[in-house]
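Each remark here refers to the structure printed beneath this line.
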Amino acid sequence: QVDLVESGGASVQAGGSLGLSCAASVYTKFGWNCLAWFRQAAGKEREGVAGIGGDGSTKYADSVKGRFTISRDDDKSIMYLQMNDLKPEDTAMYYCAAYFCGRDAISSLNSSAFTYWGQGTQVTVSS
């Protein structure tokens, strides 16, 4: 069982930066979970933004490559998403998600692969 709680969402202007955090309460080793950030804009489907495997490897959606950075601190059971050069199209509810993968690389950013989900944190980027 993994309980996830996101924080850090806010309203920012285009070109600005924001950092999101996802704190986990886990009953198994946090480091053995593949983790990811997803987002869902109003009227759109949920999409994978960035993921990090149990081996530390990362995967990004093309739309955020070079602007977003995902990281994890297994000692603190926290995952982060640093977002730079934000654009209005980044406006969405951001969710963190996890599934048990051992020390493997993350396989995909397909939401169906993820078992545990947080409640989300809102990011709004104004032009």
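Source: prediction; values computed, not measured. The first residue of the sequence shown is numbered 1, and numbering continues consecutively from there.
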* Asked: Would you say Arg103's side chain and Gly54's backbone share a donor-acceptor pair under 3.5 angstrom?
  -> yes
* To do: Kindly determine whether Val123 and Leu18 satisfy side chain to side chain contact (heavy atoms under 4.5 Å, CB included), including the steps that lead there.
  => CA-CA 9 Å; Val123 173; Leu18 198 60; 4.0 Å; yes
* Structure fact -> Residue pairs meeting ring-ring contact (aromatic ring centres under 6.0 Å, His included), one or both in residues 48-92, sequence neighbours left out, come to none
* Out of curiosity, does Met79 fall in the hydrophobic cluster containing Ile106 (side-chain heavy atoms, cut-off under 4.5 Å, transitive links)? -> no
* Asked: So, Ser112 and Tyr99: side-chain donor and acceptor under 3.5 Å apart, yes or no?
  -> no
* **Ring-face cation contact, Tyr95 with Arg46, 6.0 Å cut, 45° max** => yes
* Are any side-chain N or O atoms of Thr121 and backbone N or O atoms of Gly9, one a donor and one an acceptor, separated by less than 3.5 Å? -> yes
* Do any N or O atoms from the side chain of Glu6 and from the backbone of Gln119 form a donor-acceptor pair under 3.5 angstrom? -> yes
* To do: Using a strict 4.0 Å threshold on nitrogen-to-oxygen distance, state whether Asp85 and Lys87 make a salt bridge.
  => no
* To do: Could I get the full list of ring-ring contact (aromatic ring centres under 6.0 Å, His included) partners for Tyr116, not counting sequence neighbours?
  => none
* Asked: Linking I/L/V/M/F/W/Y whenever any side-chain heavy atoms sit under 4.5 Å apart, do Leu86 and Ile70 land together?
  -> yes
* To do: Please examine the side chains of Asn33 and Val2, heavy atoms only from C-beta on, and report whether any two atoms are closer than 4.5 Å.
  => yes
* **Side-chain touch Gln40/Tyr94, heavy atoms, less than 4.5 angstrom** => no
* To do: Show your reasoning for whether side chain to side chain contact (heavy atoms under 4.5 Å, CB included) applies to Arg72 and Leu35.
  => CA-CA 9 Å; Arg72 62 191 297 165; Leu35 308 167; 3.6 Å; yes
* In terms of hydrophobic clustering (I, L, V, M, F, W, Y; side-chain heavy atoms under 4.5 Å; direct or indirect links), are Trp117 and Val49 co-clustered? -> no
* Within 6.0 Å of CD in Gln122, more than 12 heavy atoms from elsewhere -> yes
* To do: Side-chain contact test, heavy atoms from C-beta onward, threshold under 4.5 Å: evaluate it for Ser111 versus Phe38 and give yes or no.
  => yes
